[in-house]
Amino acid sequence: MIDNMFHSAALKLTVWYLSIIMIVSISFSGAVYHFASNELIRTSQRQQRFFDQYQYEFPPQVPGYENFRVRTLQSSMSDIRDELVVLNLSVLLLGGALSYYMARKTLRPIEDNMEAQRRFTGDASHELRTPLTVMQAENEVALRNPELTKKEAVDLLKSNLEEVAKLKALSDGLLRLANIDNNQLRSDVVSAKFVAERAIERWSKVAKDKKITIKTDLKEVNVQGDPDSLTDLVSILLDNAIKYGGGKPVSIKTYKKDKQVFIEVADHGQGIAAADLPHIFDRFYRADTSRNKNQIDGHGLGLAIAKQVADLHDGSIEVKSSAGHGSTFALRLPSV
Ligand code: ADP
């Protein structure tokens, strides 16, 4: 369907491009023909005048000269016409091919964008469907049971609430992604230490409950940007370090090196396999280790959000990780 739409759009665009090329080529050929024929007529008339003078001075007349002159003129003009027609036919053929190529090239980014949107909608629907299906199945089973005990009903409600919490987390993530696209971010001078401390504050209770220590080494260095988005970004890295860190201590550092400010979050957990590394910033991507997917909550949106925020701050996120040896995520930002 989308392929057909783009094919017919490419054809329409080709016709437009080709029409423009042909209008220019035909007008140009018309002008060339006009100037060339005028020049030929003028040259021929000059020859005629010269010849008339020559005959006048040296009679008798050369027989058939007038005829010869007119025929030569007509044949030269017809040669020019033929050449221009061949030229325009070549322009039509070459221009057609070039126009189609240019039309495809023009439409390619739009096509890619639509494909990405389609994939995104598909992934989002899939993520929404899973908790809904679980809730539907559990509720149907409970309703069919005429002897449902109070304890079973409470368990069912608890399970429903867990699924609702997952749906809420997903919709929050989707909203954040959509808002970062449109948001006008603030551009304040922000202390990286302050950003890291706010992120730690958000996760300190969770870390404490899981008996995970957060080690810090925070230097007072400044960056330019939106304090809330940067805090969200570091929170995502810290959340992941706690989630995937295997219960071992995680550490967070801020420092300056080569006119760049780094906020670095490291864990000593399961690490990321080399095959997964190029994809972890993709929306909805979750590394395919069974422990990840089945036991650790998430929708694969965190790092996509983090990358978007880093990009908007002219920064980047560098990852060092190997399976089984933990991971280090370093947010690099230009210093002020
Ligand atoms: P989520 O954590 O919700 O799955 P993210 O976008 O934050 O989504 O991360 C994408 C994937 O990258 C995770 O599912 C996980 O497989 C991998 N990942 C991210 N951070 C870490 C980490 N610190 N250690 C190991 N794997 C990680």
Side-chain angles (χ1 to χ4, degrees), residues 116 119-120 122-131 162-181 196 199-200 202-203 206-207 210 212-216 229-253 262-312 315-332:
R119 226 178 310 126
F120 179 71
D123 289 342
S125 322
H126 179 78
E127 290 289 323
L128 281 168
R129 222 183 129 82
T130 314
E162 271 172 29
E163 297 305 324
V164 169
K166 284 184 197 166
L167 283 172
K168 191 171 172 303
L170 174 62
S171 76
D172 285 350
L174 290 171
L175 268 177
R176 268 156 91 190
L177 266 178
N179 286 340
I180 300 167
D181 282 341
I200 294 169
R202 283 191 198 170
W203 290 106
V206 175
K210 291 186 172 180
I212 294 171
T213 29
I214 303 176
K215 296 181 183 167
T216 55
S229 307
L230 289 174
T231 307
D232 284 348
L233 191 169
V234 178
S235 296
I236 289 168
L237 301 182
L238 199 55
D239 175 24
N240 282 348
I242 293 170
K243 277 199 298 189
Y244 304 107
K248 295 182 192 135
V250 303
S251 60
I252 178 161
K253 281 189 207 172
F262 290 85
I263 305 180
E264 206 175 272
V265 180
D267 65 69
H268 301 93
Q270 62 196 59
I272 303 164
D276 290 317
L277 268 179
H279 306 290
I280 55 171
F281 292 97
D282 295 349
R283 290 165 180 194
F284 296 110
Y285 187 85
R286 305 200 75 206
D288 205 7
T289 34
S290 51
R291 268 178 59 211
N292 264 12
K293 280 205 166 164
N294 300 335
Q295 292 180 12
I296 302 177
D297 279 347
H299 296 285
L301 290 179
L303 288 181
I305 296 171
K307 183 179 178 321
Q308 223 162 313
V309 175
D311 288 347
L312 286 171
S316 64
I317 302 174
E318 288 150 20
V319 194
K320 277 188 219 125
S321 183
S322 58
H325 292 99
S327 318
T328 303
F329 284 77
L331 166 67
R332 185 196 51 75

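Hydrogens, waters and symmetry mates are skipped; everything else that's a heavy atom, side chains included, is used. Order of listing sets the numbers, starting from 1, for every ligand and every atom in it.
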- Query: For ligand 1, which atoms have a heavy atom of Gly298 less than 4.0 angstrom away?
  - Reply: 3 (O)
- Task: Anything under 30° is parallel, anything over 60° is perpendicular, the rest tilted; go ahead and classify Tyr285 against His279.
- Result: tilted
- Query: If hydrogens are left out, which of Gln270, His268, Arg286 has an atom nearest to atom 4 (O) of ligand 1, that is, the closest non-hydrogen atom?
  - Reply: Arg286
- Task: Check ligand 1 against Lys243 and write out every atom of the ligand that is under 4.0 Å from a heavy-atom position of the residue.
- Result: 1 (P), 2 (O), 3 (O)
- Asp311 side chain reached by Lys307 side chain, heavy atoms, under 4.5 Å: yes
- Message: So that I can tick it off, tell me whether Arg202 and Asp232 are bridged by a salt bridge, with the cut-off set at under 4.0 angstrom between side-chain N and carboxylate O.
- Response: yes
- Message: Tell me whether Ile236 has any N or O atom under 3.5 angstrom from an N or O of ligand 1.
- Response: no
- Would you call Arg119 and Asp123 a salt bridge, taking side-chain N to carboxylate O under 4.0 Å as the test? no
- Message: Pair Ile317, Leu233 - check side chain to side chain contact (heavy atoms under 4.5 Å, CB included), show working.
- Response: CA-CA 10 Å; Ile317 302 174; Leu233 191 169; 4.2 Å; yes
- Note on the structure: Closest heavy-atom approach to atom 20 (N) of ligand 1 among Asn240, Thr328, Val250 is made by Asn240
- Task: Please report the C-alpha distance between Leu170 and Phe284 in whole Å, then the side-chain angles of each, then the deciding distance to 0.1 Å, and finally whether the side chain to side chain contact (heavy atoms under 4.5 Å, CB included) criterion is met.
- Result: CA-CA 10 Å; Leu170 174 62; Phe284 296 110; 4.1 Å; yes
- Task: Give the atoms of ligand 1, by number and element, whose distance to some non-hydrogen atom of Ser327 is under 4.0 Å.
- Result: 22 (C), 24 (N), 25 (C)
- Query: Is any side-chain heavy atom of Phe329 less than 4.5 Å from a side-chain heavy atom of Ile280?
  - Reply: yes
- Any side-chain heavy atom of Ile236 within less than 4.5 Å of one from Arg176? yes
- Item | Atoms in ligand 1 flagged as close to Leu301, the criterion being non-hydrogen separation under 4.0 Å | 6 (O), 8 (O)
- Given Asp297, Ile296, Ile272, which one has a non-hydrogen atom that is nearest to atom 27 (C) of ligand 1? Ile272
- Query: Heavy-atom distance under 4.5 Å between the side chains of Leu177 and Leu301, does that happen here?
  - Reply: yes
- Less than 4.5 Å apart, any side-chain heavy atom of Gln308 and any of Arg283? yes
- Query: Any idea which atoms of ligand 1 are less than 4.0 Å away from a heavy-atom of His299?
  - Reply: 3 (O)
- Just which atoms of ligand 1 are under 4.0 Å from any heavy atom in Gly300? 1 (P), 3 (O), 4 (O), 6 (O), 8 (O)
- Any idea which atoms of ligand 1 are less than 4.0 Å away from a heavy-atom of Tyr285? 10 (C), 11 (C)
- Message: With a heavy-atom distance limit of 4.0 Å, tell me whether Asp267 approaches ligand 1 through its side chain, its backbone, both, or neither.
- Response: side chain
- Query: Below 4.0 Å from any atom of ligand 1, is there a heavy atom belonging to Gly271?
  - Reply: yes
- Those atoms of ligand 1 less than 4.0 Å from some heavy atom in Ile280: 10 (C), 12 (O)
- Using distance alone, determine whether Phe329 and ligand 1 share an N or O pair under 3.5 Å. no
